[in-house]
Peer 1: 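I am attaching a structure below and will ask some questions about it afterwards.
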Amino acid sequence: MNYNLQCVQSYAKFTEIDSDKDVADANSAVPIHGGHNSHKSRADGVKRSTSTGDFSLELEATQAFDIDAFLDQLGPRYKDWSGRSPIPVDADLLPGVVPGYKPPFRLLPYKIKSTLRDKEMTALRRLARQTAPHFALGRNREHQGLAAAMVKLWEKSAIAKIAIKRGVPNTCNDRMAEEIKKLTGGVLVSRNKEYIIFYRGNDFITPKVRQVLVEKQEQSIIQQDEEELARLKASASITSIPNELKGPLVAGTLAETTEAKSRWGDSLNDKQREEDMKRLALMKHTSLLNNLKRKLILAKTKVAKAERALAKVQEFLSPAELPTDLETVTDEERFLFRRIGLKMRAFLMLGRREVFDGTVQNMHLHWKHRELVKIIVRGKSFAQVKHIAISLEAESEGVLISLDKTTKGYAIIFYRGKNYRRPQIMKPRNLLTRRQALARSIELQRREALKHHISSLQNKIWKLNTQLVQMKAAKEKEDSKLLQTVEDDLSSDDDDVEDEGEEAYLQTYSSDEEEDADDDSNEYL
């Protein structure tokens, strides 16, 4: 800055002007709702973000007030404060016990939640970060005077920020926050070794509104007491009619029975009642049978939909044919490679996606450091594992050494070959991507589950038909266990829920773009 250049001197003057403006702004700033005017845009942003939701913080800008004068009304200042202005109130000098102190009266408005969401808590923490502390606290107990001052502060500001004094021994911010929360009923926004921040809560009420509500509540209690006394007087004034003046009783007499028979007819005998029970049982069987048939039609429709979705996924798959010029391996080499492969600790786990482009990529990454690769397959039959092994041999152009059943599952061992060269594109373009393979697995699982569901429905329908025919012909009794099983199945309305079509489902998995994590060489299948 001491260089006698025009550009340096102009820059020095510019920085001095900016610093003077900043000092003037800082001196003229007045906190609004616990903040400063310099952060009005931040408070407006909080207001805009909260106006769209159910957040009733009431952080909108109101008329500015003199924070220094207001803090003077709350109590004496902390003289050893070394932070920014305004100087906070010394909470240790406030009375520890206030005679007749009670927590403030609170009432939650209609359709307002008492808890705050994560976004609302974040907005409050950001607002409190720019706010100067209102109180300085050093003791852990006896905070009734501080609680009374915080309630007065909440009439002007939404938050109360308490700074913990430095150098005071045995301070515990956890104990302080717990004691203040019991006395005020506020919401703890944040707490650390330096600051404790409390929000007044969505159920906080100003003293004027609080007084009106308390008066209304007292009036309602008095009115209820008066109504109860009037009700007791009215019930005492009613004279009871003696039994001699009452008319003869009619209920349960012969006159009532004859009148009921003449109006509604004779009562049912045992034979008629038995016939009605059989007719109701047949109607129940018929309704259950119709419901099962309806569920069978719905399940068949879902199977057709799953078949169409699976066909759309299979369109992206064009498997390679098994090469004719496979590299030959002698029996001695095959025996040696099999022993080495079974003892290998490194292996690839084939999951529910089965064979896709990532499987072949991981095989080539294994062949970069070793000649063999061991693939473990679980939860499959021997025929399915054999089909997977032939597919991997055709796609990776390796040599299938052995297929063994181990304690971990089926182990497939491949040899890369003597003339192996790693291809430039390790992911084959003719196979499914990771998302498409997952979609194929889900559709296959859905189809198998629906087929099992259809077979169980057909079995139940056959049993109900057989029992219905027997009941009509031989008048047999109904099978209560079968009916209970069918009713339990029908009570779960799983098929009534409308599922998404295959178009909406495959839209997530049909994209060819893969995540960056798919290119990670250490990723397991």
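Computed from heavy atoms alone, side chains included, the values below leave out hydrogens, waters and symmetry copies. Counting from 1, the numbers follow the sequence of the chain as shown.
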Peer 1: Would you say S396's side chain and L392's backbone share a donor-acceptor pair under 3.5 angstrom?
Peer 2: yes

Peer 1: Applying side-chain hydrogen bond (donor to acceptor under 3.5 Å, both in side chains), can you list everything that pairs with R416, at least two apart in sequence or on another chain?
Peer 2: none

Peer 1: Is there a side-chain contact between N291 and R294, using heavy atoms and a 4.5 Å cut-off?
Peer 2: yes

Peer 1: If the condition is side chain to side chain contact (heavy atoms under 4.5 Å, CB included), which residues does S82 pass it with, not counting sequence neighbours?
Peer 2: none

Peer 1: Just so I know, are the side chains of F414 and L400 near enough to count as touching, which here means a heavy-atom distance under 4.5 Å?
Peer 2: yes

Peer 1: Does anything in residues 174-193 pair up under salt bridge (Lys or Arg N to Asp or Glu O under 4.0 Å), and if so which pairs, sequence neighbours excluded?
Peer 2: R141-E179, E178-K182

Peer 1: Closer than 3.5 angstrom, by distance alone: can the side chain of H453 be matched with the main-chain N or O of A449 as a donor-acceptor pair?
Peer 2: no

Peer 1: So, do M176 and T171 sit near enough that their side-chain heavy atoms are less than 4.5 Å apart?
Peer 2: yes

Peer 1: Should the pair D357-R434 be classified as a salt bridge under the 4.0 Å nitrogen-to-oxygen rule?
Peer 2: no

Peer 1: Looking only at heavy atoms, which two atoms of S157 and I159 are closest? And how far apart?
Peer 2: OG-O, 2.8 Å

Peer 1: Main chain of N170, side chain of N140: is a donor-acceptor contact present, judged purely on distance under 3.5 Å?
Peer 2: yes

Peer 1: Excluding sequence neighbours, so at least two apart, what forms side chain to side chain contact (heavy atoms under 4.5 Å, CB included) with K418?
Peer 2: E327, E333, Y415

Peer 1: Return yes when atom CG of N290 has more than 12 non-hydrogen atoms of other residues, nucleotides or ligands closer than 6.0 Å, and no otherwise.
Peer 2: yes

Peer 1: Count the heavy atoms belonging to other residues, nucleotides or ligands that lie under 6.0 Å from CD of E274, then report whether that count exceeds 12.
Peer 2: no

Peer 1: For G186 versus F198, what's the shortest heavy-atom pair and its separation?
Peer 2: C-CD2, 4.2 Å

Peer 1: Say you draw a straight line from CD1 of I162 to CG of N173; how long is it, rounded to the nearest 0.5 Å?
Peer 2: 11.5 Å

Peer 1: With sequence neighbours excluded, give me every ring pair (Phe, Tyr, Trp, His ring centres under 6.0 Å) pair touching residues 365-389.
Peer 2: H364-W367, W367-Y420

Peer 1: How many angstroms lie between atom OG1 of T286 and atom NZ of K284, to the nearest 0.5 angstrom?
Peer 2: 12.0 Å

Peer 1: Please list, chain by chain and in numerical order, all residues satisfying side chain to side chain contact (heavy atoms under 4.5 Å, CB included) with S114, sequence neighbours excluded.
Peer 2: L108

Peer 1: Tell me, with the steps shown, if E275 and R279 meet side-chain contact (heavy atoms from CB on, under 4.5 Å).
Peer 2: CA-CA 6 Å; E275 290 178 356; R279 183 173 54 82; over 6 Å; no

Peer 1: Taking it one step at a time, do E443 and R446 satisfy salt bridge (Lys or Arg N to Asp or Glu O under 4.0 Å)?
Peer 2: CA-CA 5 Å; E443 292 301 332; R446 179 183 287 118; 2.8 Å; yes

Peer 1: Any side-chain heavy atom of L365 sitting closer than 4.5 Å to one from N362?
Peer 2: yes

Peer 1: Show, in sequence, the C-alpha distance, side-chain angles and deciding distance for I196 and L188, and conclude whether the side-chain contact (heavy atoms from CB on, under 4.5 Å) test is met.
Peer 2: CA-CA 8 Å; I196 302 175; L188 180 63; 3.9 Å; yes

Peer 1: Is any side-chain heavy atom of L289 less than 4.5 Å from a side-chain heavy atom of L464?
Peer 2: yes

Peer 1: Looking at every heavy atom in both A163 and P133, which two are closest together, and how far apart are they?
Peer 2: CB-CB, 3.8 Å

Peer 1: Between E393 and E397, does the side-chain contact (heavy atoms from CB on, under 4.5 Å) criterion hold? Intermediate values first, please.
Peer 2: CA-CA 6 Å; E393 185 180 14; E397 298 180 357; over 6 Å; no

Peer 1: So, using side-chain hydrogen bond (donor to acceptor under 3.5 Å, both in side chains) as the criterion, who are the partners of N430 when residues are at least two apart?
Peer 2: E395

Peer 1: What verdict does the side-chain contact (heavy atoms from CB on, under 4.5 Å) test give for R447 and L444, after you've listed the backbone C-alpha separation in whole Å, the side-chain angles of each residue and the deciding distance to 0.1 Å?
Peer 2: CA-CA 5 Å; R447 186 181 64 178; L444 287 172; 3.3 Å; yes

Peer 1: If I compare all heavy atoms of L348 with all of M363, which pair ends up nearest, and what's the gap?
Peer 2: CD1-N, 4.0 Å

Peer 1: Quick one: does any side-chain atom of R139 pair with a main-chain N or O of E142 as donor and acceptor, under 3.5 Å?
Peer 2: yes

Peer 1: Should we count CE of M344 as having more than 12 external heavy atoms under 6.0 Å?
Peer 2: yes

Peer 1: Tell me every residue that passes side-chain hydrogen bond (donor to acceptor under 3.5 Å, both in side chains) with Q445, counting only those two or more places apart in sequence or in another chain.
Peer 2: R352

Peer 1: Can you measure from CZ (R353) to OG1 (T433) and round to the nearest 0.5 angstrom?
Peer 2: 9.5 Å

Peer 1: Among residues at least two apart in sequence or on other chains, which ones pass side-chain hydrogen bond (donor to acceptor under 3.5 Å, both in side chains) with K408?
Peer 2: none

Peer 1: Hey, could you give me the CZ/NZ distance between R338 and K343, rounded to the nearest 0.5 Å?
Peer 2: 11.5 Å

Peer 1: In Å, rounded to the nearest 0.5 Å, how long is the span from CG of N419 to CZ of R421?
Peer 2: 8.5 Å

Peer 1: Hey, does K165 have a side-chain heavy atom less than 4.5 Å from the side chain of V168?
Peer 2: yes

Peer 1: Using only atom types and a distance under 3.5 Å, with no angle test, would you say the side chain of H134 pairs donor to acceptor with the backbone of K161?
Peer 2: yes

Peer 1: Locate the shortest heavy-atom distance separating V313 from L432; write the atom from each residue and the value.
Peer 2: O-CD2, 3.6 Å

Peer 1: Please name the pair of heavy atoms, one in L372 and one in G341, separated by the smallest distance, quoted to 0.1 Å.
Peer 2: CD1-N, 3.8 Å

Peer 1: So, taking the atom named CZ in R106 and the one named CG in L213, what distance separates them when rounded to the nearest 0.5 Å?
Peer 2: 13.5 Å

Peer 1: I need the full list of salt bridge (Lys or Arg N to Asp or Glu O under 4.0 Å) pairs touching residues 366-390, with sequence neighbours left out, sorted by first then second residue.
Peer 2: E354-K380

Peer 1: Under the rule for ring pair (Phe, Tyr, Trp, His ring centres under 6.0 Å), what residues qualify as partners of F204, not counting sequence neighbours?
Peer 2: W154

Peer 1: Within a reach of under 6.0 Å around CG of N192, are more than 12 heavy atoms found that belong to other residues, nucleotides or ligands?
Peer 2: yes

Peer 1: Can you tell me if S441 uses its side chain to pair, donor with acceptor, with the backbone of A437 under 3.5 Å?
Peer 2: no

Peer 1: Determine yes or no for a side-chain-to-main-chain donor-acceptor pair under 3.5 angstrom, with Q458 supplying the side chain and S455 the backbone.
Peer 2: no

Peer 1: Check side chain to side chain contact (heavy atoms under 4.5 Å, CB included) between S190 and all other residues, then give those that pass, not counting sequence neighbours.
Peer 2: R125, I197

